[in-house]
Structures are given as structure tokens and as C-alpha cells.
Amino acid sequence: MRKGSKQGKRIDGQAVRMTDRRFLDVADEFLKVKESMGLSEQTIKTYQWNIKYFIRFAGADVKCSQLTLEFLLEYLDDMRARGITNNVTLNTAIQNLSPIIHYARDRGYCPHRYLMPFIRGQVTDKKPYTKEELETILEPPDKRDF
């Protein structure tokens, strides 16, 4: 093989012919593929909810070519502005979009290649149960009415 020639799909997507599609169409295609693979109903619902929230931010006509790292960071900032500040919730939202964006890139719909953002933050300790709460939890249930 001569220097500079391309053969097959390249890992970085340069040899893949790009077709810019709407994110919503790609997400529907992704869900159909995952349903046919036998993913659990709850996993599919989780993807659907996260797609819905993302589309609420981005708009129904957002194209896959617009899904850059900066765009996802704007999405995180929007979530924070709406009062969602828990780092676990923010990371979950991005991690549920990640497989769809990777699917779009692998299919040639998205030209961008980047690592998905991950938010690090202070872990807050949960307040321990009081003695009364522990007694209520450990109390045996009533056999007639749970």
C-alpha cells in the first residue's frame, strides 16, 4: 500500500463519507437497533427520557454535525441553570447520550471525535439515620397491612 492511500474505514472517521442527519432520526434508529438486540425495556426508556431532555435543550432540528464538545458543555450549563446541580445526575445525562453519539459517529453521521465530558466534584456525605428512623425501618411489618 502506498503512502497516503486510504483503505477501508479509518478509526478517526476520515475515510467515512459523512451524511449529516438530524439527531432525532439517528436516535430513533439507535433505539430500534438496541430493541432488536434485546436491551431491557427500562434501558430503552432511560435512553428515551434522556433523548427527550436533550431535544428540549437542542431543538428537534439539531443536526449530528452540531454535536461538538462545546455543544455538550452548553447542555450541561443549561441543566445547571435549571437547578440540576448534582454531579451524578449531570454525568448520567451525558453518559446516556454518549452511546447515541458514538453510534452516529460510527455510522458516518457525526464527524466529531472527542471524549465525553465527565464532571468531578465533591462527594457529599449522607446524613445518618436517627435512632427513631432506624427503629422504624427495623420494625417488623404488620402482616395484614404493609
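Values reported hereafter were calculated over all heavy atoms of this structure, with side chains retained and with hydrogens, waters and symmetry mates removed. These numbers were taken from a predicted model, which means no experiment stands behind them.
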Spacing of [X] atom [atom1] and [Y] atom [atom2] [to the nearest 0.5 Å]:
X   : Y    : atom1 : atom2 : value
T85 : I119 : OG1   : CD1   : 11.0 Å
R22 : D28  : CZ    : CG    : 8.0 Å
S40 : K34  : OG    : NZ    : 12.0 Å
K45 : Q42  : NZ    : CD    : 6.0 Å

**Study point:** Partners meeting side chain to side chain donor-acceptor pair (under 3.5 Å) with E135 (sequence neighbours left out)
**Key:**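 Listed in chain order: nothing, the list is empty.
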For [X] and [Y], which heavy atoms make the closest approach, and how far apart are they?
X    : Y    : result
Y114 : L67  : OH-O, 2.9 Å
R105 : H112 : CD-O, 3.2 Å
P117 : L69  : CD-CD1, 3.8 Å
T89  : I84  : CG2-CG2, 3.6 Å
C64  : C110 : O-SG, 3.5 Å
Q66  : D61  : OE1-O, 4.3 Å

Practice item. Evaluate the side-chain contact (heavy atoms from CB on, under 4.5 Å) criterion for residues W49 and N96: first the C-alpha distance (whole Å), next the side-chain angles of each, then the deciding distance (0.1 Å), finally the verdict. Key: CA-CA 9 Å; W49 279 105; N96 284 316; over 6 Å; no
Are any non-hydrogen side-chain atoms of [X] and [Y] less than 4.5 angstrom apart?
X    : Y   : answer
H102 : S98 : yes
Q48  : L31 : yes
L24  : F54 : no

Review point. For Y47, what residues pass the ring-ring contact (aromatic ring centres under 6.0 Å, His included) criterion, not counting sequence neighbours?
Key: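 With sequence neighbours excluded, Y47 shows a ring-ring contact (aromatic ring centres under 6.0 Å, His included) to F30, given in chain and number order.
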Review point. Are V88 and F118 co-members of a hydrophobic cluster defined by side-chain heavy atoms under 4.5 Å apart?
Key: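 No, separate clusters.
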Point to revise | M37 reachable from I100 in the ILVMFWY side-chain graph, under 4.5 Å edges | key: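 Looking at the clustering, M37 is in the same group as I100.
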Donor-acceptor contacts, no H, no angles, side chain residues 70-79, under 3.5 Å, sequence neighbours left out:
from	atom 1	to	atom 2	distance (Å)
E70	OE1	T68	OG1	3.4
D77	OD1	R80	NH1	3.0
D78	OD2	R82	NE	3.1

Check your understanding: Should the heavy atoms of other residues, nucleotides or ligands under 6.0 Å from CG of L138 be counted, would the total exceed 12?
Key ->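 More than 12 heavy atoms, drawn from other residues, nucleotides or ligands, come within 6.0 Å of this atom.
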Point to revise | CA sep, side-chain torsions, deciding dist, call: E29, R21, side-chain contact (heavy atoms from CB on, under 4.5 Å) | key: CA-CA 11 Å; E29 181 181 320; R21 293 186 56 197; 2.7 Å; yes
Check your understanding: Any side-chain donor-acceptor pair under 3.5 Å between T43 and T46?
Key ->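 No donor-acceptor contact under 3.5 Å links the two side chains.
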